[in-house]
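What you are looking at is a predicted structure, and each value in this text was computed from that prediction instead of being measured. Within every chain, numbering begins at 1; the chains are lettered A, B, ... in the order of the sequence lines, protein sequences first and strands thereafter.
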Amino acid sequence: MTEATVTGGERVAAAFAAARDEGRAALMPYMVGGFPDARTSAAIAGAYAESGADLVELGIPFSDPLADGPVIHAAATRALAAGATLDSVLAIGERIASAVPVVPMVYANMILARGPGRFAQLLVEAGAAAAIVPDLPLDEAGEIGAELHAVGIPLVPLVAPTTPAERRREICRRAEGFVYVVSDTRVTGERDELPDGLAELVGAVRGEAPVPAAVGFGIGTPDQAAAVGRIADGVIVGTRLVRAVAEADGGDAAVGAVGGFIHAARASMAEAGRAVG
Amino acid sequence: MAAVGERAVEGRFGPYGGRYVPEVLVPALDQLSVAWAEARDDPEFRGRLDELLRDFVGRPTPLYRAERLGHLLGRRIYLKREDLAHTGAHKINNAVGQALLACRMGKRRVIAETGAGQHGVAVATACALLGLECVVYMGVEDMRRQAPNVERMRLLGAALAPVEAGAQTLKEAVSAAIRDWVTNVRTTHYIIGSAVGPAPYPALVRDLQRVIGDEAREQALAAEGTLPARVIACVGGGSNAIGTFYAFIEDRGVELIGVEAGGEGLDGRHGASLVAGRPGVLHGALSSVLADDQGQILEAHSISAGLDYPGVGPEHAQLRDSGRARYEAVTDADALRAFRELARLEGILPALEPSHAIAWLLNSAEASAQAAASAEGYDLVCLSGRGDKDLAEALAALGDLDD
């Protein structure tokens, strides 16, 4: 089967299924595209794919990232200063897209600037498998959701602990790709322990959505990734990896650090196995 | 959009507005919409708010006929004196109303952003009045420029949260406040300072600021027997302007003019989001924004910290598109001259924000000396705040201007 006949949604589903068949949750590390510079960022993407990422969440730098914490905001600012654009970051994703499904994370204003139809085409051309728009709740998805749907790229919905049950059911019922479960009401950043109520929330989403449930926001250690992986279909690691790049002494050290973390997280997740079917 | 009864709180203004926010905030915005739809029709809430506006804020503020300015311009000019409201600007109308709403919703922690510090001072004041915990986000650069207001907020018991991201001004402070709200949404109410942000904020802030126009319309009719020919207000986020315009929107004969920050001129750095912006999303709403081709938000510039913002309230974008209001820009230099002119002619030190509205009047009279003098009727200008906060900045800039 050639790639052209496979939709993004199918690639996402296959990645989750393959992990499940191995008795573990899927691991989806996040990166800020173009951070700290284009060349290092491309090497980091390669390290993600080689170290065991099942999917890669590719952050497109935006000037005013409301849903992200200070670490990711600072990384985005630096990437923009280094010349990152939607096109240059999608090109980084394209280099690993045949190895692993790439899920760009883009703020709404950048999509509107291109036009939703043109944006959907750019994702197709870059081989992207799904998209996350963190400031586009269900009620506003409208044209952007429709254009992505038309090209087979799922617009991944988010569910938060504050989301009322009725609204959550509606979001889950319509979900494509996977459901991104925000593990805490805090913005992205690392936490010491898993929040109360997470297992119940993930359980509800898994029961209500026709697609897998991945948990993100605040996973900072391989052990935490393993603990979340026991109850969820996917584990998203973001700030921890961006911080590793920010603190690394040079590009090679950054690549080594993120690769090492992803390798360790995946091993812990495989060892911990799953508590849910 | 969640709302109750017949008077739902608007979420959209034509294509503009909406709620472009992380999912975690949507339930809080729904709750706020419902709470406001109920509160604004509740006689008890209304009564308590009116009492505070009268006895604490000092409303109604006067409508003052500026004789010497009028003589210079060759027309009758009235100033709506929001500079005489408690804490020295219209911001207090919104701060007291939303703080009261926070109490009604059972939220005892309040956060706010501030640029010039006027909104921060107003919120800190309202929180002191009502016994609420208060945290104000402020860019480090603005804290430097507006040191007296920083001290004022601290004296009022507020905690200052310095924001070091980006240009360290208002845009970053709003982002930081929204982040805090995402984190603490269950216990915290966010009092946004202008008619911007996700729904229901633009409508909520307008509802709380419409007292300006409601009073002014009545006062103007009492003074002149007819409605003004033109109503003029400065526009940053646009809360004093929408508050002033709202009472006159159905009065089709009244021209509504919003004056934006032209900064160094529209070819250089400025804050004219309506005159020179494009459709886009900033801080949770679709409106007219300053952004590049990639959709990255640009840094605004204005001599006035309160107009130094790359977005604007969505209702203004709709009023612009429909032609009901028109928007023009005035440069830093013209605003500074108007600042000095009003002080000398009327004994009023205006804030640099409404100095833009005064400057527009001076410019338009200059551009059409004959037409302005002979045009029918009179003008009403919202003098949204007093200029004490701007003295250091304005004196230094005037010095440069005169050199």
Exercise. Using non-hydrogen atoms only, which part of A/A74 is less than 4.5 Å away from chain B: side chain, backbone, both, or neither?
Worked result: neither
Exercise. Are A/T162 and B/V24 side-chain neighbours, meaning at least one heavy-atom pair lies under 4.5 Å?
Worked result: yes
Problem set entry | Engaged part of B/L298 at the chain A interface, taking heavy atoms whose separation is under 4.5 Å | neither
Problem set entry | Part of A/P61 lying under 4.5 Å from any heavy atom of chain B | backbone
Exercise. Below 4.5 Å, heavy atoms only, C-beta onward: do B/Q294 and A/S63 meet side chain to side chain?
Worked result: no
For this session: Could you look at B/A291 and say if it's the side chain, the backbone, both or neither that has a heavy atom under 4.5 Å from chain A?
Result: side chain
Exercise. Of all of B/L286, B/V174, B/V281, which one pairs up most often with chain A through heavy atoms under 4.5 Å apart?
Worked result: B/V281
Exercise. Do B/R179 and A/L66 touch side chain to side chain, with heavy atoms closer than 4.5 Å?
Worked result: no
Exercise. Is the closest side-chain heavy-atom distance between B/P27 and A/P164 below 4.5 Å?
Worked result: yes
Problem set entry | Least distance between heavy atoms, A/A160 atom then B/E23 atom | N-CG, 4.0 Å
Exercise. Heavy atoms under 4.5 Å from chain B: which residues of residues 82-91 of chain A carry them?
Worked result: A/T85, A/L86, A/D87
Problem set entry | Region of A/I111 in contact with chain B, defined by heavy-atom distances below 4.5 Å | neither
Problem set entry | Nearest-0.5 Å distance that lies between atom CG in A/D139 and atom CZ in B/R19 | 5.0 Å
Exercise. Taking the side chain as C-beta and beyond, is there a heavy-atom pair between B/V26 and A/T163 under 4.5 Å?
Worked result: no
Exercise. Which bit of A/V133 comes within less than 4.5 Å of chain B, counting heavy atoms only: side chain, backbone, both or neither?
Worked result: neither
